[in-house]
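Since this is a predicted model, take the numbers as computed values, not measurements. Below, chain A is the first sequence line, B the second, and so on; all start at residue 1.
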Protein chains: 2
Amino acid sequence: MGTPLPRDPIADARLNWERHGWSDVAAPMAAITAIMRTQQILLGRIEAVLKPFGLTFARYELLALLSFARSGALPMNKASALLQVHPTSVTNAVDRLQDAGLVIRSPHPTDGRTTLIELTSDGRALAKRATAVLNSEVFGQSGFGDQDVDQLIRILGTFRRNAGDFSG
Amino acid sequence: MGTPLPRDPIADARLNWERHGWSDVAAPMAAITAIMRTQQILLGRIEAVLKPFGLTFARYELLALLSFARSGALPMNKASALLQVHPTSVTNAVDRLQDAGLVIRSPHPTDGRTTLIELTSDGRALAKRATAVLNSEVFGQSGFGDQDVDQLIRILGTFRRNAGDFSG
DNA sequence: TCCAAACCCTTGGATGTCCTAGTATATTGC
DNA sequence: GCAATATACTAGGACATCCAAGGGTTTGGA
């Protein structure tokens with residue numbers, strides 16, 4: 001992403017939609033496209049911050065989730081549900097975190113089908129350090145105004161509930 | 001995704017952040033996480049709609065971009081800049097679209113370094129059909145209220161400009 | 001003129017996501 | 001108690017994204 005474009009490509013796409021007679025959906029198209037692009041930008045920032053720790057966002061999310069669990073351990077299926085990703089994605093992340101010595105797999109005490117993911121002390125320490133940098137470098141400099149943050153949380157929260165993410 | 005979770009995992013994460021003394025960045029953390037999740041949901045809907053056409057979102061975006069170019073052709077580097085993805089991603093998408101007979105590569109008339117991507121008539125027709133379904137099935141049923149759509153476009157537009165996406 | 005720097009595209013490698021089985025373990029129902 | 005169904009995890013494959021490197025083409029300054 002070298003030089004900024006002279007024009008906003010999403011605004012241009014919206015104009016194209018309107019010119020082709022799709023005015024009724026041009027605005028939501030622009031909003032959705034903007035969400036996709038914003039996610040891409042934010043993910044880039046996050047991954048850049050995590051790279052020195054040898055972490056990706058997917059692995060960090062799992063580490064952070066475990067660090068908030070009282071016991072520091074969670075069943076794989078629970079992690080999959082909470083992170084809202086496919087079970088195979090969790091398998092993938094655990095494989096790599098385990099190779100790095102940040103988590104270990106252990107059998108569930110009563111259910112032979114289930115595998116527990118457990119944070120090692122290294123894993124806990126790394127999660128803490130990575131979170132500190134993420135907080136200061138990304139979340140603390142999001143570029144969103146306080147009011148806009150509230151709006152985003154409200155709008156996207158409603159969307160996610162309607163999409164069936166949660167019922168609360 | 002199976003059953004909705006009983007609680008909003010992002011709201012829970014925000015509470016965890018506050019409990020750990022990171023209240024100052026808890027809200028932006030929640031907003032950013034919500035953007036990531038919303039993107040995931042929307043991408044899932046879009047890919048589901050495009051699948052019957054043999055398209056992915058990345059390929060559709062390229063097809064749509066070409067269909068709006070007067071000549072139906074664009075240099076690869078221009079497409080990369082407008083779609084805001086890495087050049088190798090465009091190479092990948094063009095490879096597959098070309099295999100499907102939807103675009104062809106042609107040499108640039110004056111610059112030997114540049115390759116033009118050109119829409120075939122099949123490609124143009126498919127883009128049209130896919131856009132129609134995307135408009136009715138996704139953009140027309142986004143789940144965002146009209147006011148919220150405007151808010152998203154404003155908030156994310158400001159963010160993208162500040163992030164250096166465009167200067168206009 | 002000529003060569004170094006800049007630019008364009010592709011190849012190869014690493015990650016992540018999802019989907020479709022396939023294997024192992026639990027639970028249910030008869 | 002045993003068979004049928006459901007659940008949990010993993011293996012393999014398809015795609016997409018990025019980065020690093022390499023080979024060809026242009027451009028621009030010495």
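Salt-bridge annotation for B:R14 and B:D8: absent, with no side-chain N of the basic residue lying under 4.0 Å from a carboxylate O of the acidic one.
If you check D:dC18, C:dT11, C:dT20 against the side chain of B:V85, the one that comes closest is D:dC18. In the set D:dC19, C:dT10, C:dT17, the nucleotide with an atom closest to the side chain of B:Q40 is C:dT17. Among C:dC8, D:dG12, C:dT17, the nucleotide with an atom closest to any side-chain atom of A:T88 is D:dG12. Comparing D:dG24, D:dC9, D:dA16 by their nearest atom to the side chain of B:R113 picks out D:dG24. With distances taken from any side-chain atom of B:H86 to the nucleotides D:dT17, C:dC18, D:dC19, the minimum falls on D:dC19.
Side-chain N or O atoms of B:T131 include one that pairs as donor or acceptor with a backbone N or O of B:A127 at under 3.5 Å. Without hydrogens or angle criteria, B:T120 side chain to B:L102 main chain gives a donor-acceptor distance under 3.5 Å.
Between A:R105 and B:G112, the residue anchored nearer the 5' end of DNA chain D, judged by the nucleotide with its closest heavy atom, is A:R105. Along DNA chain C, the nucleotide nearest A:P87 and the nucleotide nearest A:D111 are compared for position; the residue whose nucleotide lies closer to the 5' end is A:P87. Comparing B:T56 and A:P75, the nucleotide of DNA chain D nearest to each residue sits closer to the 5' end for A:P75.
Within the nucleic acid shown, B:N92 comes within 4.0 Å of at least one base atom, counting heavy atoms only. Nucleic acid contact class of A:T91 (heavy atoms, under 4.0 Å, all strands): base.
Residues B:F159 and A:L42 are in side-chain contact: their nearest non-hydrogen atoms beyond the backbone lie under 4.5 Å apart. Residues A:V85 and B:Q40 have side chains in contact (heavy-atom distance under 4.5 Å, counting atoms from C-beta outward).
Contact annotation: B:R96 reaches the phosphate of D:dA16 (side-chain N/O to OP1 or OP2, under 4.0 Å). Using a 4.0 Å cut-off, some side-chain N or O of B:S89 falls inside it from OP1 or OP2 of D:dC18.
Atom-to-atom, NZ of B:K51 to P of C:dC18 comes out at 13 Å; the value is rounded to the nearest Å. Distance B:I41 CD1 to C:dC18 C1': 16 Å, rounded to the nearest Å.
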